[in-house]
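Heads up, the thing below is written out as structure tokens.
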Amino acid sequence: MPNLDKFIIGFDHALRTLLTPAQTLRPVPGNGLPEGELNDLEKSESTALMRVNHVGEICAQALYQGQALTARNAGVQHTLAQAAREETEHLAWTERRIAELSGRKSVLNPFWHGGSFAIGAFAGMLGDKWNLGFLAETERQVTAHLAGHLKRLPHNDAKSRAIVTQMQIDEAGHATTAMAQGGADLPTPVKLMMKVGSSVMTRTAYWV
Ligand SMILES: [Fe+2]
Ligand SMILES: [Fe+2]
């Protein structure tokens, strides 16, 4: 596909990600569970953590789009597209949970999306081995981050916990697939830079 067409599709995808509700084929995890009794503090903690996770999923959408734009091999593009579909479901789940908690999404979403798209496109330009390695490392760090959220989420918020638990399973699967497709292990300084970058994002999105 000519690059201009890919850019137009990418731009259209960005607008849809930011402006329209995401769709899910799988049922929302914890859908059938009753709403837990949360006090004000617990509710605001759940809302803030789910906003952080929603931002993470906005970033995932943009990263995958950016990477798919510049990935060279059709097999890699297919892997990225498959994982991106699950990321769209995560986006839908977190979005819905924030609404159920009467919370709000991050006002900085266009900024998170733009930055992540650029990083994804750059990773894609480095070649498929590094592109997949970057994807795997991102997913590993997300999996660890979600484990941290499962410790922080109020115990009686079973609905949020069910969503985060399923996301954690999916993200770990994305990391395994990316390595199986030939991803390279990234140099330690790059991994550390990624950790610093994502920590800025998660700390900011907790508040705004
Ligand atoms: Fe995700
Ligand atoms: Fe993922």
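As the structure lists them, so they are numbered: ligands from 1, and atoms in each ligand from 1.
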Side chain to side chain, Leu80 and Gln65, heavy atoms closer than 4.5 Å: no

Does some side-chain heavy atom of His54 sit less than 4.5 Å from a side-chain heavy atom of His90?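 Not in contact.
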
Under 2.8 Å from the Fe ion (ligand 2), is there any N, O or S atom belonging to [X]?
| X | answer |
| --- | --- |
| His90 | no |
| Asp170 | no |
| Glu139 | yes |

Among Glu139, Arg140, Glu137, side-chain contact (heavy atoms from CB on, under 4.5 Å) partner for Met179: Arg140

For Glu87, what is the atom name of its N, O or S atom nearest to the Fe ion (ligand 2)? OE2

Of the N, O or S atoms in His174, the one nearest the Fe ion (ligand 2): ND1

Check whether Leu91 and Leu108 end up in the same hydrophobic cluster, where Ile, Leu, Val, Met, Phe, Trp and Tyr are linked by side-chain heavy atoms less than 4.5 Å apart.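 No, it is not one cluster - the side chains of Leu91 and Leu108 are not joined through contacts under 4.5 Å.
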
Tyr206, OH: over 12 other non-hydrogen atoms inside 6.0 angstrom: yes

Is Lys43 salt-bridged to Asp157, cutoff N-O under 4.0 Å?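 Here Lys43 does not pair with Asp157 in a salt bridge, since their nearest N and O are not under 4.0 Å apart.
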
Residue Glu171 atom name (nearest to the Fe ion (ligand 1); N/O/S): OE2

With a cut-off of 2.8 Å, does Glu57 place any N/O/S atom under that distance from the Fe ion (ligand 1)? yes

